[in-house]
2 protein chains.
Amino acid sequence: MSESKIKNMAEFASVSGISRPTISKYFNDPTSVRATIRTRIEAALEEHDYRPNIYAMNQNRRLTKNIGIVVPYLSDPFFAEIARNIEQRCIAAGFWPTLFSSHGSRELECNILDSLRSLKPAGVLFAPLGRASDRSVIEKFCKDVPTVLFDSDLEGIGAAFVGSDNYSFVAQSVEYLVRSGAPPSFFEMRTPANPNANKRRKAYISIMERLGFEPDVIKVDGEGWAFEDIGYRGAMHVLSQDTLASDTLLCSNDRLAIGFLAAAFEKGIRVGREPDSALRVAAHDDHPFSRFTCPSLTTVAHDYEAVSNRSVETLFELIEGGGRLTSRTEKLFEARLILRASA
Amino acid sequence: MSESKIKNMAEFASVSGISRPTISKYFNDPTSVRATIRTRIEAALEEHDYRPNIYAMNQNRRLTKNIGIVVPYLSDPFFAEIARNIEQRCIAAGFWPTLFSSHGSRELECNILDSLRSLKPAGVLFAPLGRASDRSVIEKFCKDVPTVLFDSDLEGIGAAFVGSDNYSFVAQSVEYLVRSGAPPSFFEMRTPANPNANKRRKAYISIMERLGFEPDVIKVDGEGWAFEDIGYRGAMHVLSQDTLASDTLLCSNDRLAIGFLAAAFEKGIRVGREPDSALRVAAHDDHPFSRFTCPSLTTVAHDYEAVSNRSVETLFELIEGGGRLTSRTEKLFEARLILRASA
DNA sequence: AAAAAAACTTAACGCGCGTCAATATTTAAT
DNA sequence: ATTAAATATTGACGCGCGTTAAGTTTTTTT
């Protein structure tokens, strides 16, 4: 490796003996130059470790190689995991992903979209807050920037949506709970942050009715994204009243269930599918921690891989299509029951 | 709001009636222009919503306003939380933070530093992987880019280190456990990913010896960052052998304890500080989920706020000092015992 | 009110790279 | 070997903004 520091593309062109426009072409797409040239460039690269200035590169390029990834709440390991997945795929495809979290705040979500605009990204993968989102801001953003929504849908907004089929989640859980014991009550937040929660409630009601049972929805108070705490408090309240309609509870999501199980444990209520248990508890999402609840949580899993994979693929199609798809597609993946000890 | 789209600073200068160099000054530091001028610019900004092109801005600036934040494992809510804290502070100070996670991989960590170089950041806040880190790569990076290490120290590398005092963690936990019951055995991974783990073990041994007790370290197998799973498997192994030297266990960190408690529950072993409990378990970190373990986990908390606050402040000093501090400082914050039900 | 200091304007250059037109060279096809 | 097609080179311009120098206006000081 030579000691001389190369400071721009012209210099690198001269030391490598190749013209600057060709070097420029190479960095935009190595396969666009002849193999002999490519190997010469790569040899020179080994020698002199030059890297183009990304700011100058992006300045006039019609499209940067940036991709924005926005999740509503990164402290939730579920989103951290899905973001990781997406990030890796973008890197593999030669893009520069940048990760943002709205941290549950509407204002922050808007600010992120604002920042994202100046990044002039090729595309954005966006999991909105949901109910708390500022629809009009997001709608405007999606008109200007190629955006694929994932996890949580805002109807009609964005070029496409990729997520999990909430009906499938609830069908799996309710049908299992019914055939292995009593039909479940549904445990959720009174004002869910996320549209998925509403879809799950509706699915619960419709499936229960189809099976000939009376739906029973338990709504607990609490705002924001501290779901475990809301589940815990709600469960403490519900369990102390002893007015449960069923000995089987289906929580809208795992994080509520984590709080619920903590409360049940504290109250000395045995949860599980053994005969001596007082309660069965199941939920949805297959949160990374649900293996380690006490008892371990019976839940329904997202197809993580499929969702992140498809989101990224859809965005790439969108980018290649110049920012437009023929029509807004909505892809929902089936869920998978994970049998553990809690129900 | 006017309809005309303004595409560069010169145009904005002409519509606002202020010269371009002054506009440029304003965007670099709004307080650097006279108040009358500032209000006129801001009025024009309301009218025309112009935003400078960040790529052109960063191209020749001696220093960008970018700050890199690198954590070893973002799916761990502990790091997600601390990253959030740091991110907010950087934004408040007018910087552009960008978040990266090494996802436990040495290779990725190196790639991130590589990407970070081309971002030409004003500074970097970096929590290294620890044992898995490529010391020489990081050392070289820190020579080129103003970097403050946090959470996990690599001795002599970076301009400063900010973290928690591992001795303080263990002092709090061991002293509490001793005065409220039996002296604890120490439960940890055989090959810890993180230097903090080694410091905690050493602290444990020294404190036990100081108090006149025989240290007992239980090492369990497992590689990587799936700590809960490692704790679970380790506990299943240890608990089935029934060779525990003490009825009190101190886990190196909360994530191991989360796995441990799941195993104990599964084995029907009662954990807690009531007389009828078979085992007491405590740990360190005050992980966001430790409130919801069964039983809730007695642990020792980081001073999150202080660590993130001080890290950011130190980086700002470093940046203002032109990338050099008089000497490498190491600031360790005290920990705080959190009494819950498990011990 | 005059002088000094501070802040502004005008004009112009440079940064590093994308991109284009005209020309030269290499490769593939006949 | 000749011709056509594909790819490189040369030279030049532009992008949007940072920055500087010289001159002008505004504000502060005395």
Side-chain angles (χ1 to χ4, degrees), chain A residues 4-45 48-66 94 96 115 117-122, chain B residues 4-45 48-66 94-96 117-122:
Chain A
S4 57
K5 299 288 170 195
I6 284 165
K7 47 176 216 299
N8 59 36
M9 197 177 272
E11 248 184 53
F12 179 71
S14 78
V15 301
S16 64
I18 291 172
S19 72
R20 196 173 70 71
T22 303
I23 305 276
S24 175
K25 262 189 89 181
Y26 169 84
F27 279 110
N28 282 317
D29 176 8
T31 67
S32 69
V33 302
R34 265 201 312 258
T36 54
I37 298 279
R38 184 158 68 244
T39 51
R40 282 173 57 199
I41 293 178
E42 274 154 9
L45 235 33
H48 299 91
D49 102 296
Y50 156 77
R51 322 195 58 177
N53 179 313
I54 55 165
Y55 299 110
M57 281 183 76
N58 284 329
Q59 170 157 0
N60 300 312
R61 240 220 280 259
R62 51 175 61 207
L63 231 50
T64 69
K65 282 284 191 177
N66 296 325
W96 263 70
S115 302
R117 249 181 231 279
S118 13
L119 267 183
K120 302 186 192 306
Chain B
S4 58
K5 300 285 170 197
I6 285 165
K7 45 176 219 300
N8 59 35
M9 198 177 272
E11 249 183 52
F12 179 70
S14 78
V15 301
S16 64
I18 291 175
S19 72
R20 195 173 69 72
T22 304
I23 305 276
S24 175
K25 262 188 90 183
Y26 169 85
F27 279 110
N28 281 318
D29 176 8
T31 68
S32 70
V33 301
R34 267 201 310 259
T36 54
I37 298 277
R38 184 158 68 243
T39 52
R40 282 172 57 197
I41 294 178
E42 274 154 9
L45 236 32
H48 300 92
D49 101 297
Y50 155 78
R51 322 194 60 178
N53 179 312
I54 54 166
Y55 299 110
M57 279 183 79
N58 284 330
Q59 171 158 5
N60 300 310
R61 241 220 283 255
R62 51 175 58 206
L63 231 52
T64 69
K65 281 285 191 176
N66 296 325
F95 286 90
W96 263 72
R117 249 182 231 278
S118 11
L119 267 183
K120 302 187 193 304

Is there a side-chain polar atom (N or O) of [X] under 4.0 Å from OP1 or OP2 of [N]?
X	N	answer
A:Thr22	D:dT7	no
A:Ser24	C:dC17	no
A:Ser19	D:dA8	no
B:Asn8	D:dG16	yes

Rounded to whole Å, please give me the gap between [atom1] in [X] and [atom2] in [N].
X	N	atom1	atom2	value
A:Tyr55	D:dC15	OH	C1'	17 Å
A:Ile23	C:dC17	CD1	P	11 Å
A:Gln59	D:dC15	CD	P	10 Å
B:Ile54	D:dC17	CD1	C1'	13 Å
B:Asn58	C:dG14	CG	P	22 Å
A:Lys65	C:dG18	NZ	P	13 Å
A:Lys25	C:dG18	NZ	C1'	13 Å
B:Met9	C:dA12	CE	P	20 Å

Query - Spatial distance of atom CD1 (B:Ile41) from atom CZ (B:Arg34) [nearest 0.5 Å] - result: 11.0 Å
Minimum heavy-atom separation for [X] and [Y], please, with both atom names.
X	Y	value
A:Ser32	A:Lys25	O-NZ, 3.3 Å
A:Pro52	A:Met9	CB-CE, 4.4 Å
B:Thr36	B:Thr39	O-OG1, 2.8 Å
A:Ala44	A:Ser16	CB-CB, 3.4 Å

Candidate nucleotides [options], ranked by approach to the side chain of [X] - the nearest:
X	options	result
B:Ile37	D:dG16, C:dC8, C:dC17	C:dC8
A:Arg61	D:dC15, C:dG18, C:dC17	C:dG18
B:Tyr50	C:dG18, D:dC17, D:dT9	D:dC17
A:Asn53	C:dC17, C:dC15, D:dC17	C:dC17

Query raised in the report: Which word best sums up how the rings of B:Phe12 and B:Tyr50 line up, parallel for under 30°, tilted for 30 to 60°, or perpendicular for over 60°?
Result: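 B:Phe12 vs B:Tyr50 ring planes: parallel.
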[Y] side chain reached by [X] side chain, heavy atoms, under 4.5 Å:
X	Y	result
B:Trp96	A:Ser118	yes
B:Ile18	B:Val33	no
A:Asn53	A:Asn8	no
A:Phe27	A:Ile23	yes
A:Tyr55	B:Leu119	yes
B:Lys120	A:Ile54	no

Query raised in the report: Between the two ends of the helix from C:dA1-D:dT30 to C:dT30-D:dA1, what is the bend in degrees, rounded to 10 degrees, where each end axis spans five pairs?
Result: 10°
Query raised in the report: Ignoring hydrogens and angles, are the base of C:dG18 and the side chain of A:Arg20 linked by a donor-acceptor pair under 3.5 Å?
Result: yes
Report summary line: Contact string for nucleotides 21-27 of chain C, one letter per nucleotide 5' to 3', B = base within protein heavy-atom range under 4.0 Å, S = sugar-phosphate only, - = neither, reads -----SS
Report task. Return the residues of residues 26-33 of chain B meeting this criterion: a heavy atom under 4.0 Å from some atom of DNA chain D. Order them by number, or give none. Result -> B:Asn28
